[in-house]
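Small disclaimer: the values here were computed from a predicted structure and weren't measured. Because only heavy atoms are used, hydrogens play no part in the values below, and waters and symmetry mates are left out as well, while side chains stay in.
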Amino acid sequence: SPSEPVVETVGLFPNPVEGVLTIDVRGNSQLVGQTVIVYNHLGQQVMQGRVTKQVLKLNMHALRSGMYFIRIGENKQAYKVIKASGVLNP
């Protein structure tokens, strides 16, 4: 019903990610066409893309391992993603 709150459903997987991150906005299709910005743990922008479809692949191979935050469009929520090196660090 219209009285139900809008749920900001965005799927990000795998997380931790080694190379290609899938961003799934099927539950929130108004995000299609929005800008995707990836920030590092210092808040610096390291990548930018666009949500061109409801399931988007974002290539993060070039980023060094660590913690990143992904923001989509005007959405205030930032999604935390861990970038793994491909080698499991103890």
Side-chain angles (χ1 to χ4, degrees):
S1 70
S3 61
E4 289 177 24
V6 174
V7 180
E8 300 283 349
T9 42
V10 174
L12 296 169
F13 52 90
N15 190 5
V17 59
E18 287 180 19
V20 177
L21 180 73
T22 298
I23 302 176
D24 184 343
V25 300
R26 281 178 294 190
N28 199 355
S29 58
Q30 72 264 31
L31 292 177
V32 173
Q34 298 289 325
T35 303
V36 180
I37 301 179
V38 182
Y39 300 93
N40 64 15
H41 65 287
L42 300 174
Q44 299 164 324
Q45 181 177 328
V46 293
M47 274 184 75
Q48 181 172 326
R50 189 167 289 281
V51 182
T52 52
K53 47 184 186 259
Q54 293 191 11
V55 180
L56 176 75
K57 304 281 190 193
L58 193 65
N59 188 338
M60 298 179 69
H61 273 111
L63 299 181
R64 61 182 59 186
S65 55
M67 185 168 56
Y68 292 90
F69 297 92
I70 295 179
R71 184 162 283 150
I72 303 174
E74 301 301 312
N75 194 347
K76 295 289 180 281
Q77 182 172 3
Y79 301 93
K80 185 166 79 173
V81 172
I82 303 298
K83 170 70 165 64
S85 61
V87 178
L88 289 179
N89 299 318

Do side-chain atoms of Asn15 reach the backbone of Val17 as a donor and acceptor pair under 3.5 angstrom? no

Would you say the side-chain atoms of Asn28 pair up with the backbone N or O of Leu31, donor to acceptor, closer than 3.5 Å? no

Indicate the atoms forming the closest heavy-atom contact of [X] with [Y], along with that distance.
X     : Y     : value
Gly27 : Thr9  : O-OG1, 3.0 Å
Met67 : Lys80 : SD-CD, 3.3 Å
Gln34 : Gly73 : OE1-CA, 3.2 Å
Phe69 : His41 : CE1-CA, 4.4 Å
Met60 : Lys83 : O-CE, 2.8 Å
Ser85 : Ser65 : N-CB, 3.8 Å

Answer yes or no: is there a side-chain heavy-atom contact under 4.5 Å between [X] and [Y]?
X     : Y     : result
Ile72 : Thr35 : no
Ile37 : Ile70 : no
Leu21 : Leu12 : yes
Val32 : Val25 : yes
Val38 : Leu63 : yes

Check against side chain to side chain contact (heavy atoms under 4.5 Å, CB included), Leu58 and Val20: CA-CA 6 Å; Leu58 193 65; Val20 177; over 6 Å; no

Side-chain donor-acceptor pairs under 3.5 Å in residues 47-54, sequence neighbours left out?
residue : atom : partner : partner atom : Å
Gln48   : OE1  : Gln45   : NE2          : 2.8
Arg50   : NH1  : Gly33   : O            : 2.5

Determine, using the 4.5 Å side-chain heavy-atom cutoff (strictly less than), whether Tyr79 and Tyr39 are members of one ILVMFWY cluster. no

Could you name each residue pair satisfying salt bridge (charged side-chain N to carboxylate O under 4.0 Å, His left out) that touches residues 22-35, not counting sequence neighbours? Asp24-Arg26

